[in-house]
Amino acid sequence: MPTPFPNPPHYLRGKLHCIDHCSQVLASNPWGDPVHRDVWVYTPPGYKDSTQDYPVVVFLAGFSSTGESMFGRSLTEMSMARRIDGWLSSENEDSCPPFIAIFPDCMSTLVGTQYVDSPAIGSYATYLMTEVLPFVFQRFRCTGRLGITGRSSGGFGALSLTRQFPAKVNAIACHAGDMAFETTYLSELAASIMPIQAAGGPMPFVESFWRKKRLSGGDFAAMNYLCMAAAYGSDLAGEDFPAKLPVDWRTGAIDWGTYQAWNAHDPLHWIETQQAQDALKGLDFCFIDAGNHDEYLLHLGARRFVARLEHFKIPHRYEEFNGGHRGTSYRYDVSIPDMVRVLSALE
């Protein structure tokens with residue numbers, strides 16, 4: 001029976017470490033966003049008194065969230081740290097081996113980064129893979145075996161970082177990750193126009209966004225579009241914004257050419273390259289899932305992506321569950337213990 005008191009006793013809990021990291025690669029980001037970031041690291045129970053090394057799993061937050069946001073507890077959600085505690089303290093035969101978890105901060109003025117290197121946002125892929133990971137590996141006892149997971153934009157990040165840094169990643173779990181851009185992003189296109197018009201343009205909108213005490217669905221849709229444009233199509237010489245927008249915010253006319261240019265980042269398109277196929281085949285664990293009525297139609301993209309995985313004979317595991325896009329952090333219960341068992345067996 002579910003319980004309103006999910007936290008295990010203190011002696012079964014791991015420890016959260018909040019470490020200040022100063023980035024060099026983020027120093028040139030165009031928004032002046034901080035180079036000092038909190039990196040949250042979870043170490044399992046008994047870590048202090050142990051001499052063993054542990055595999056690492058990086059948890060990537062979704063759009064508009066940070067690693068720190070995963071530690072909240074509500075009526076329907078539990079802290080990710082306490083969720084991990086539960087996996088590690090399980091006494092059944094499928095218990096999860098101990099591991100170290102990293103929760104990075106990749107927030108930006110545009111409310112996200114998509115975990116890519118973009119002149120219009122910052123070099124967040126390089127930041128994560130060449131700064132944060134070595135920073136943590138040097139301070140904690142890590143085996144070097146690495147898994148990456150996330151939901152929504154975080155799931156997209158897990159796939160994207162595998163393609164860009166195949167030698168560093170051993171396992172991924174992509175939960176409702178962004179893909180099939182033509183269906184995923186078009187669904188909010190109309191809602192994004194009015195807030196930008198009301199503010200007088202993209203840059204005034206960004207400024208007004210952070211001044212508001214309450215944000216509407218249209219505000220989030222507009223910021224989502226601006227962030228995706230900056231992540232996938234930067235144009236620092238742009239008149240209204242440092243990226244090419246796929247829609248004219250004054251008239252609503254869609255620029256299909258700009259939209260199609262985003263496809264270079266769409267997993268459904270880059271999976272057709274040999275480089276990406278080799279990167280995914282090199283994984284020891286590849287988990288994909290989505291709810292069967294995802295509000296952003298990401299289950300449709302997942303079905304198409306999995307069909308290409310099957311076509312190219314790329315080992316994977318796909319699950320489509322009864323649910324939508326939000327409130328699905330419980331799906332980590334399905335993917336991460338299995339991922340960690342694989343990472344531990346590789347030692």
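Note that the structure is a prediction, hence the values are computed from the model and not measured. Residues take their numbers from the sequence shown, with the count starting at 1.
A donor-acceptor pair is defined here as one N or O able to donate and one able to accept, closer than 3.5 Å; no such pair exists between the side chain of Asn224 and the backbone of Ala221. Arg163 contributes no side-chain N or O that, together with a main-chain N or O of Leu159, makes up a donor-acceptor pair within less than 3.5 Å. Although no hydrogens or angles enter the test, the distance criterion places no donor-acceptor pair under 3.5 Å between the side chain of Asn263 and the main chain of Asp266. Judged by distance alone, the side chain of Ser65 and the main-chain N or O of Ala61 form no donor-acceptor pair under 3.5 Å. Looking at Arg341, its side chain does come within 3.5 Å of a backbone N or O of Ser95 through a donor-acceptor pair. Within the 3.5 Å criterion, the main-chain N or O of Gln24 finds a donor-acceptor partner in the side chain of Glu131. Between the side chain of Asn29 and the backbone N or O of Leu26, at least one donor-acceptor pair lies under 3.5 Å. Between the side chain of Glu77 and the backbone N or O of Arg73, no donor-acceptor pair lies under 3.5 Å. Under a 3.5 Å cut-off, the side chain of His316 and the backbone N or O of Ile314 do form a donor-acceptor pair. One N or O on the side chain of Arg37 and one on the backbone of Asp105 form a donor-acceptor pair closer than 3.5 Å.
A donor and an acceptor atom, one from each side chain of Asp178 and Tyr185, are located under 3.5 Å apart. Judged by distance alone, the side chains of Asp289 and His175 do bring a donor and an acceptor atom under 3.5 Å apart. For the residue pair Thr273 and Gln277, no side-chain donor N or O sits within less than 3.5 Å of a side-chain acceptor on the partner. Side-chain contact annotation: Ser108 with Asp33, donor-acceptor N/O pair under 3.5 Å absent. In summary, the side chains of Asp53 and Thr143 do not present any donor paired with an acceptor at a separation below 3.5 Å, with no hydrogens or angles considered. Looking only at atom types and distance, the side chain of Ser329 has no donor-acceptor partner in the side chain of Arg151 under 3.5 Å away.
Using the six-membered ring where Trp is involved, Tyr47 and Tyr54 have ring planes that are tilted, between 30° and 60° apart. Using a 30° and 60° split on the angle between ring planes, Phe99 and Tyr42 fall in the tilted class, from 30° to 60°. The aromatic rings of Tyr127 and Tyr124 lie perpendicular to each other, with more than 60° between the two planes, well past the 30° mark.
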Apply salt bridge (charged side-chain N to carboxylate O under 4.0 Å, His left out) to Arg308 and Glu310, showing your working.
CA-CA 5 Å; Arg308 300 313 288 163; Glu310 293 171 351; over 6 Å; no
Carefully, step by step, assess Asp240 and Arg250 under the rule salt bridge (charged side-chain N to carboxylate O under 4.0 Å, His left out).
CA-CA 11 Å; Asp240 296 326; Arg250 299 175 182 85; 3.1 Å; yes
Check the pair Glu182 / Arg304 against salt bridge (charged side-chain N to carboxylate O under 4.0 Å, His left out), numbers first and verdict last.
CA-CA 13 Å; Glu182 68 274 16; Arg304 294 165 61 190; 3.0 Å; yes
Walk me through whether Asp85 and Arg82 qualify under salt bridge (charged side-chain N to carboxylate O under 4.0 Å, His left out).
CA-CA 5 Å; Asp85 290 337; Arg82 302 292 78 84; 2.6 Å; yes
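Taking every heavy atom of both residues into account, Phe312 and Ile271 meet most closely at CE1-O, 3.7 Å. Nearest heavy atom pair, residue Phe156 against residue His265, reads CE1-O, 3.1 Å. Scanning both residues, Ser335 and Phe287, for their nearest heavy atoms gives CB-CD2, 3.7 Å. Contact between Ser152 and His325 at its shortest, heavy atoms only, is OG-NE2, 2.9 Å. In terms of heavy atoms, Val340 sits closest to Pro55 at CG1-CG, 4.4 Å.
Geometric assessment of Arg83 against the ring of Tyr332 yields a negative cation-pi assignment under the 6.0 Å and 45° thresholds.
Crowding of Met78 atom CE: a count of heavy atoms from other residues, nucleotides or ligands under 6.0 Å exceeding 12.
With Phe135 as the fixed residue, the side-chain contact (heavy atoms from CB on, under 4.5 Å) test singles out one of Ile102, Ile19, Thr130: Ile19.
If you look at His17 and Phe140, their ring centroids are closer than 6.0 Å. Here the two rings, on Tyr232 and Trp262, have centers that are under 6.0 Å apart.
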